[in-house]
Amino acid sequence: MSTSLARHARLLRYAALAAGAFYMVATLAALLALNGWGGRFVSATLEPGALPLRWAAWTAVVVALLIGTALFELARMLGRVGRDRVFSADATRHFRRFALLFLLAAIVRVALPAVVMSADAIARADGLLRMSFDAGDLVTLTVAALFWLVARLFDEAARLEDDSRSIV
């Protein structure tokens with residue numbers, strides 16, 4: 001494997017770790033700022049949309065944990081580049097976990113507010129249900145599903161690489 005590819009993978013690994021940590025810290029700062037923490041030094045907001053603020057906060061925490069963990073798995077996969085075979089079982093396993101966690105984060109971000117708003121409409125018994133989705137949610141779900149497909153393709157490539165090594 002080329003040293004250039006390994007160097008780029010190492011840089012992306014550090015970027016993934018930094019992005020995951022930053023996302024979780026920013027979410028924590030936003031949640032703490034809701035209670036007045038940070039004063040004039042931290043100005044973070046949580047946009048609840050039509051959700052109650054408590055549900056929006058829990059959704060933000062769950063999504064932050066899923067995204068942070070997904071980026072950690074991506075960093076672990078990128079750490080394997082240059083050390084293992086191109087499609088090693090460890091690298092594909094970490095990428096599959098990344099793809100799954102990213103897909104779950106996208107589903108939680110889209111589906112949980114819809115479920116909460118539906119339950120609220122049922123509890124109110126007025127039959128009025130308002131939900132909104134933006135194009136960004138659709139794009140995120142599409143990209144997450146594509147990552148999942150690529151992860152499955154990597155698994156198949158790893159299997160084929162193992163088969164070809166056992167034949168020779």
Side-chain angles (χ1 to χ4, degrees), residues 1-31 44-51 55-119 131-166:
M1 196 171 301
S2 75
T3 58
S4 174
L5 180 63
R7 186 175 65 247
H8 286 104
R10 188 172 49 248
L11 289 172
L12 285 173
R13 178 178 185 228
Y14 296 137
L17 287 171
F22 179 75
Y23 192 90
M24 291 195 299
V25 167
T27 301
L28 180 64
L31 294 175
T45 59
L46 179 65
E47 303 261 343
L51 280 177
W55 278 101
W58 279 109
T59 301
V61 167
V62 169
V63 169
L65 290 173
L66 287 169
I67 292 288
T69 308
L71 288 173
F72 178 72
E73 286 297 328
L74 180 63
R76 291 178 72 188
M77 187 274 297
L78 290 168
R80 302 267 187 230
V81 173
R83 284 194 268 158
D84 292 336
R85 297 185 330 245
V86 176
F87 295 107
S88 70
D90 283 342
T92 59
R93 183 178 66 244
H94 292 304
F95 189 78
R96 186 175 53 251
R97 287 179 188 163
F98 158 74
L100 177 63
L101 291 166
F102 188 68
L103 182 60
L104 286 175
I107 290 170
V108 165
R109 185 175 167 353
V110 171
L112 190 60
V115 168
V116 169
M117 288 186 286
S118 299
M131 286 193 272
S132 64
F133 301 97
D134 67 25
D137 293 336
L138 180 61
V139 169
T140 302
L141 280 171
T142 303
V143 169
L146 285 172
F147 280 152
W148 178 250
L149 176 64
V150 169
R152 300 302 298 163
L153 291 172
F154 280 173
D155 288 339
E156 185 63 19
R159 188 188 66 76
L160 291 173
E161 186 179 33
D162 286 342
D163 286 350
S164 70
R165 286 181 187 270
S166 67

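All residue numbers refer to positions in the sequence shown, counting from 1.
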With heavy-atom distances below 4.5 Å as the criterion, would you say the side chains of [X] and [Y] are in contact?
X: R109; Y: T140; result: no
X: L65; Y: M24; result: yes
X: M77; Y: R80; result: no
X: L153; Y: E156; result: no
X: L31; Y: V61; result: yes

Just how far is it from atom [atom1] of [X] to atom [atom2] of [Y], taken to the nearest 0.5 Å?
X: L100; Y: F95; atom1: CG; atom2: CZ; result: 12.0 Å
X: L5; Y: H8; atom1: CG; atom2: NE2; result: 8.5 Å
X: L78; Y: L12; atom1: CG; atom2: CG; result: 6.0 Å
X: L146; Y: T142; atom1: CG; atom2: OG1; result: 7.0 Å
X: E73; Y: L101; atom1: CD; atom2: CG; result: 6.5 Å
X: F22; Y: I67; atom1: CZ; atom2: CD1; result: 14.0 Å

Report task. Any chance you could lay out the side-chain contact (heavy atoms from CB on, under 4.5 Å) test for L112 and V62, step after step, and finish with the verdict? Result -> CA-CA 10 Å; L112 190 60; V62 169; 5.7 Å; no
For [X] against [Y], the heavy-atom pair lying closest together:
X: L141; Y: A106; result: CD2-CB, 3.6 Å
X: V110; Y: D137; result: CG2-CB, 3.5 Å
X: A64; Y: T27; result: CB-OG1, 3.5 Å
X: T92; Y: A158; result: CG2-CB, 4.1 Å

Taken in chain and number order and not counting sequence neighbours, the residues that satisfy side-chain hydrogen bond (donor to acceptor under 3.5 Å, both in side chains) with R13 are none
The ring pair (Phe, Tyr, Trp, His ring centres under 6.0 Å) partners of F147 (sequence neighbours excluded) come to F98, F102
Next on the checklist: Looking at W55, I'd like to know if its CH2 atom is crowded, meaning that more than 12 non-hydrogen atoms belonging to other residues, nucleotides or ligands lie closer than 6.0 Å.
Outcome noted: no
